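Predicted model only: the values in this text are computed from it and were never measured. All values below come from the heavy atoms of this structure, side chains included, with hydrogens, waters and symmetry mates left out.
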Amino acid sequence: MPALGKHRRTRTIPLAYRLIALGTGGAALALPLVTATTASAAPAPQKVTAAPSAAKTTHTVVKGESLAKIADARSVSGGWKALYKNNKSAVGDNPSLIRPGLKLKLAGAAKAAPTATAEKTDTVQTAAKSYTNDLDGWIRESLDIMAQKGIPGSYDGIHRNIMRESGGNPQAINNWDSNAAAGTPSKGLLQVIAPTFAAYHVAGTSTDSYDPVANITAACNYAADRYGSIDNVNGPY
(Lines give C-alpha, C1' and ligand atoms only; values in the text may rest on other atoms or scores of the structure.)
Protein backbone atom coordinates (compact mmCIF):
# COMPACT_ATOMS: atom_id res chain seq x y z
CA MET A 1 0.00 0.00 0.00
CA PRO A 2 1.46 3.42 -0.92
CA ALA A 3 2.29 5.96 1.77
CA LEU A 4 -0.02 8.84 2.64
CA GLY A 5 1.40 12.26 1.62
CA LYS A 6 -3.15 4.22 32.04
CA HIS A 7 -1.97 -2.97 60.07
CA ARG A 8 -5.93 -3.60 78.62
CA ARG A 9 -9.31 -4.64 77.92
CA THR A 10 -11.80 -1.83 78.27
CA ARG A 11 -13.91 -1.65 81.40
CA THR A 12 -17.35 -3.18 80.97
CA ILE A 13 -20.09 -0.63 81.44
CA PRO A 14 -23.01 -1.84 83.62
CA LEU A 15 -26.04 -2.80 81.58
CA ALA A 16 -28.36 -0.47 83.57
CA TYR A 17 -26.10 2.49 82.79
CA ARG A 18 -26.10 1.62 79.12
CA LEU A 19 -29.87 1.41 79.01
CA ILE A 20 -30.16 4.81 80.69
CA ALA A 21 -27.67 6.29 78.26
CA LEU A 22 -29.60 4.93 75.32
CA GLY A 23 -32.78 6.48 76.60
CA THR A 24 -31.61 9.95 75.70
CA GLY A 25 -32.49 9.39 72.04
CA GLY A 26 -33.07 12.09 69.43
CA ALA A 27 -29.45 12.92 68.72
CA ALA A 28 -28.28 12.82 65.11
CA LEU A 29 -26.45 9.58 64.32
CA ALA A 30 -23.27 9.85 62.25
CA LEU A 31 -22.55 6.65 60.35
CA PRO A 32 -20.08 5.72 57.60
CA LEU A 33 -21.63 5.25 54.23
CA VAL A 34 -20.51 1.82 53.22
CA THR A 35 -19.84 -0.17 56.42
CA ALA A 36 -21.97 1.06 59.33
CA THR A 37 -20.57 0.23 62.80
CA THR A 38 -22.34 0.63 66.14
CA ALA A 39 -20.86 0.71 69.68
CA SER A 40 -21.32 -2.34 71.90
CA ALA A 41 -23.77 -0.21 73.91
CA ALA A 42 -26.04 0.31 70.92
CA PRO A 43 -28.99 -2.04 70.37
CA ALA A 44 -29.15 -4.17 67.28
CA PRO A 45 -30.84 -2.42 64.36
CA GLN A 46 -34.58 -2.92 64.51
CA LYS A 47 -36.37 -4.51 61.62
CA VAL A 48 -38.70 -1.98 60.15
CA THR A 49 -42.22 -3.08 59.47
CA ALA A 50 -44.85 -1.02 57.82
CA ALA A 51 -48.07 -1.32 55.93
CA PRO A 52 -47.41 -2.78 52.48
CA SER A 53 -48.26 0.44 50.66
CA ALA A 54 -46.06 2.63 52.90
CA ALA A 55 -43.17 0.16 52.77
CA LYS A 56 -43.06 0.59 49.05
CA THR A 57 -42.61 4.35 49.16
CA THR A 58 -40.93 5.33 52.46
CA HIS A 59 -38.46 4.07 55.05
CA THR A 60 -38.12 5.31 58.67
CA VAL A 61 -34.51 5.46 59.86
CA VAL A 62 -33.63 3.58 63.08
CA LYS A 63 -30.44 3.51 65.15
CA GLY A 64 -27.61 1.62 63.51
CA GLU A 65 -28.63 2.35 59.92
CA SER A 66 -26.83 4.20 57.18
CA LEU A 67 -27.90 5.17 53.70
CA ALA A 68 -25.82 2.32 52.31
CA LYS A 69 -27.51 -0.27 54.59
CA ILE A 70 -30.96 1.04 53.73
CA ALA A 71 -30.27 1.13 50.01
CA ASP A 72 -29.04 -2.46 50.10
CA ALA A 73 -31.90 -3.75 52.30
CA ARG A 74 -34.56 -2.01 50.19
CA SER A 75 -32.96 -2.77 46.84
CA VAL A 76 -32.66 0.87 45.86
CA SER A 77 -31.64 1.23 42.27
CA GLY A 78 -28.47 3.30 42.14
CA GLY A 79 -27.51 2.47 45.74
CA TRP A 80 -26.98 5.01 48.52
CA LYS A 81 -26.10 7.76 46.10
CA ALA A 82 -29.54 7.61 44.48
CA LEU A 83 -31.23 7.37 47.89
CA TYR A 84 -29.31 10.45 49.07
CA LYS A 85 -30.12 12.37 45.92
CA ASN A 86 -33.84 11.68 46.38
CA ASN A 87 -33.72 12.80 50.03
CA LYS A 88 -30.99 15.45 50.12
CA SER A 89 -33.35 18.18 51.34
CA ALA A 90 -34.29 16.05 54.37
CA VAL A 91 -30.85 14.56 55.05
CA GLY A 92 -28.82 17.69 54.56
CA ASP A 93 -25.37 18.21 53.09
CA ASN A 94 -23.74 15.27 54.94
CA PRO A 95 -25.00 11.90 53.68
CA SER A 96 -23.16 10.17 56.55
CA LEU A 97 -25.36 11.95 59.10
CA ILE A 98 -28.89 10.60 59.32
CA ARG A 99 -31.31 10.94 62.28
CA PRO A 100 -33.37 8.10 63.79
CA GLY A 101 -36.99 8.75 62.89
CA LEU A 102 -36.16 10.43 59.58
CA LYS A 103 -38.47 9.31 56.79
CA LEU A 104 -36.78 8.62 53.48
CA LYS A 105 -38.60 8.52 50.18
CA LEU A 106 -38.17 5.33 48.18
CA ALA A 107 -40.80 6.01 45.56
CA GLY A 108 -39.49 5.17 42.14
CA ALA A 109 -36.23 3.82 43.60
CA ALA A 110 -37.06 0.17 44.19
CA LYS A 111 -35.80 -2.20 41.54
CA ALA A 112 -38.49 -3.94 39.58
CA ALA A 113 -38.18 -7.70 39.45
CA PRO A 114 -37.33 -8.63 35.85
CA THR A 115 -39.74 -10.88 34.04
CA ALA A 116 -38.61 -14.05 32.33
CA THR A 117 -39.14 -12.36 28.96
CA ALA A 118 -37.06 -9.34 29.92
CA GLU A 119 -34.25 -11.56 31.18
CA LYS A 120 -34.24 -13.52 27.96
CA THR A 121 -34.22 -10.36 25.84
CA ASP A 122 -31.36 -8.86 27.87
CA THR A 123 -29.31 -12.03 27.40
CA VAL A 124 -29.78 -11.92 23.67
CA GLN A 125 -28.87 -8.23 23.40
CA THR A 126 -25.79 -8.37 25.61
CA ALA A 127 -24.37 -11.75 24.61
CA ALA A 128 -20.95 -11.19 23.04
CA LYS A 129 -20.54 -12.50 19.52
CA SER A 130 -17.62 -14.88 19.19
CA TYR A 131 -15.29 -15.24 16.25
CA THR A 132 -12.82 -17.94 15.33
CA ASN A 133 -9.16 -16.98 15.66
CA ASP A 134 -8.35 -17.50 12.02
CA LEU A 135 -8.65 -15.66 8.74
CA ASP A 136 -12.38 -16.34 8.45
CA GLY A 137 -13.03 -15.05 11.99
CA TRP A 138 -10.85 -11.97 11.49
CA ILE A 139 -12.66 -11.01 8.31
CA ARG A 140 -16.11 -11.55 9.85
CA GLU A 141 -15.25 -9.50 12.96
CA SER A 142 -13.89 -6.73 10.76
CA LEU A 143 -17.04 -6.74 8.64
CA ASP A 144 -19.21 -6.34 11.77
CA ILE A 145 -17.10 -3.38 12.92
CA MET A 146 -17.18 -1.90 9.45
CA ALA A 147 -20.98 -2.18 9.37
CA GLN A 148 -21.18 -0.22 12.63
CA LYS A 149 -18.86 2.46 11.27
CA GLY A 150 -20.41 2.69 7.83
CA ILE A 151 -17.33 1.38 6.00
CA PRO A 152 -18.21 -0.52 2.82
CA GLY A 153 -16.71 -3.86 1.80
CA SER A 154 -17.58 -7.52 1.35
CA TYR A 155 -16.13 -10.81 2.58
CA ASP A 156 -15.01 -11.75 -0.89
CA GLY A 157 -13.41 -8.38 -1.57
CA ILE A 158 -11.43 -8.48 1.67
CA HIS A 159 -10.41 -12.15 1.29
CA ARG A 160 -9.27 -11.67 -2.30
CA ASN A 161 -7.04 -8.71 -1.42
CA ILE A 162 -5.61 -10.42 1.68
CA MET A 163 -4.56 -13.46 -0.30
CA ARG A 164 -2.81 -11.27 -2.87
CA GLU A 165 -1.11 -8.98 -0.33
CA SER A 166 -0.03 -11.41 2.44
CA GLY A 167 -1.27 -14.89 1.63
CA GLY A 168 -3.25 -14.76 4.91
CA ASN A 169 -0.20 -14.23 7.15
CA PRO A 170 -0.95 -11.49 9.75
CA GLN A 171 2.80 -11.11 10.45
CA ALA A 172 3.74 -10.50 6.85
CA ILE A 173 6.03 -7.55 6.18
CA ASN A 174 7.48 -6.16 2.97
CA ASN A 175 11.13 -5.17 3.45
CA TRP A 176 12.11 -4.64 -0.16
CA ASP A 177 9.86 -2.14 -1.96
CA SER A 178 9.97 1.66 -2.06
CA ASN A 179 7.92 1.98 1.16
CA ALA A 180 10.43 -0.18 3.00
CA ALA A 181 13.28 1.87 1.54
CA ALA A 182 11.57 4.98 2.91
CA GLY A 183 11.41 3.38 6.39
CA THR A 184 7.70 2.57 6.35
CA PRO A 185 7.38 -1.09 5.30
CA SER A 186 3.98 -2.52 4.54
CA LYS A 187 2.69 -4.80 7.35
CA GLY A 188 -0.02 -7.32 8.16
CA LEU A 189 -2.81 -9.02 6.27
CA LEU A 190 -3.50 -6.13 3.93
CA GLN A 191 0.03 -4.71 3.92
CA VAL A 192 -0.66 -1.32 5.52
CA ILE A 193 2.19 1.14 6.08
CA ALA A 194 2.39 2.98 9.46
CA PRO A 195 1.24 6.43 8.23
CA THR A 196 -1.80 4.96 6.50
CA PHE A 197 -2.68 2.77 9.50
CA ALA A 198 -2.47 5.79 11.83
CA ALA A 199 -4.58 7.94 9.54
CA TYR A 200 -7.29 5.36 8.92
CA HIS A 201 -7.21 3.42 12.23
CA VAL A 202 -10.76 2.56 13.33
CA ALA A 203 -11.62 3.46 16.94
CA GLY A 204 -12.27 0.40 19.11
CA THR A 205 -9.71 -1.78 17.35
CA SER A 206 -6.12 -2.46 18.42
CA THR A 207 -3.46 0.17 17.76
CA ASP A 208 -1.06 -2.60 16.69
CA SER A 209 -0.95 -2.63 12.93
CA TYR A 210 -0.14 -6.35 12.96
CA ASP A 211 -3.45 -7.08 14.74
CA PRO A 212 -5.54 -8.84 12.07
CA VAL A 213 -8.84 -7.10 12.76
CA ALA A 214 -7.28 -3.67 13.20
CA ASN A 215 -5.23 -4.13 10.01
CA ILE A 216 -8.24 -5.19 7.94
CA THR A 217 -10.54 -2.42 9.16
CA ALA A 218 -7.93 0.30 8.72
CA ALA A 219 -7.11 -0.91 5.20
CA CYS A 220 -10.80 -1.08 4.27
CA ASN A 221 -11.32 2.40 5.68
CA TYR A 222 -8.45 3.66 3.53
CA ALA A 223 -9.71 1.82 0.46
CA ALA A 224 -13.22 3.25 0.96
CA ASP A 225 -11.80 6.76 1.08
CA ARG A 226 -9.60 6.34 -1.96
CA TYR A 227 -11.39 3.77 -4.11
CA GLY A 228 -14.97 3.72 -2.77
CA SER A 229 -14.59 0.21 -1.31
CA ILE A 230 -12.06 -2.55 -0.82
CA ASP A 231 -14.19 -4.43 -3.34
CA ASN A 232 -12.91 -2.07 -6.01
CA VAL A 233 -9.26 -2.93 -5.32
CA ASN A 234 -7.86 -5.57 -7.62
CA GLY A 235 -4.15 -4.90 -7.45
CA PRO A 236 -1.49 -2.92 -5.60
CA TYR A 237 -3.12 -0.03 -3.78
| task | Step by step, work out the side-chain contact (heavy atoms from CB on, under 4.5 Å) result for L67 and K81. | result | CA-CA 8 Å; L67 291 179; K81 291 184 179 179; over 6 Å; no
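- Judged by distance alone, the side chains of K103 and T60 do bring a donor and an acceptor atom under 3.5 Å apart.
- With rounding to the nearest 0.5 Å, the separation of SG in C220 from CD1 in I158 is 4.0 Å.
- Between the H159 side chain and the I139 main chain, no donor and acceptor come within less than 3.5 Å of each other.
- Using a 4.5 Å heavy-atom cutoff, the side chains of L83 and L106 are in contact.
- With a 4.5 Å cut-off on side-chain heavy atoms, Y222 and L190 do not count as touching.
- Side-chain contact between V91 and L102 is present, with at least one heavy-atom pair separated by less than 4.5 Å.
- Between T217 and M146, the closest side-chain pair of non-hydrogen atoms falls below 4.5 Å.
- Side-chain atoms of L104 and V61, non-hydrogen and from C-beta on, do get closer than 4.5 Å to each other.
- The shortest distance between side-chain heavy atoms of P100 and V62 does not fall below 4.5 Å.
- At a threshold of 4.5 Å between non-hydrogen side-chain atoms, the residues L189 and E165 do not count as touching.
- Between T184 and P195, the closest side-chain pair of non-hydrogen atoms falls below 4.5 Å.
- N234 pairs by the side chain to side chain contact (heavy atoms under 4.5 Å, CB included) definition with R160, not counting sequence neighbours.
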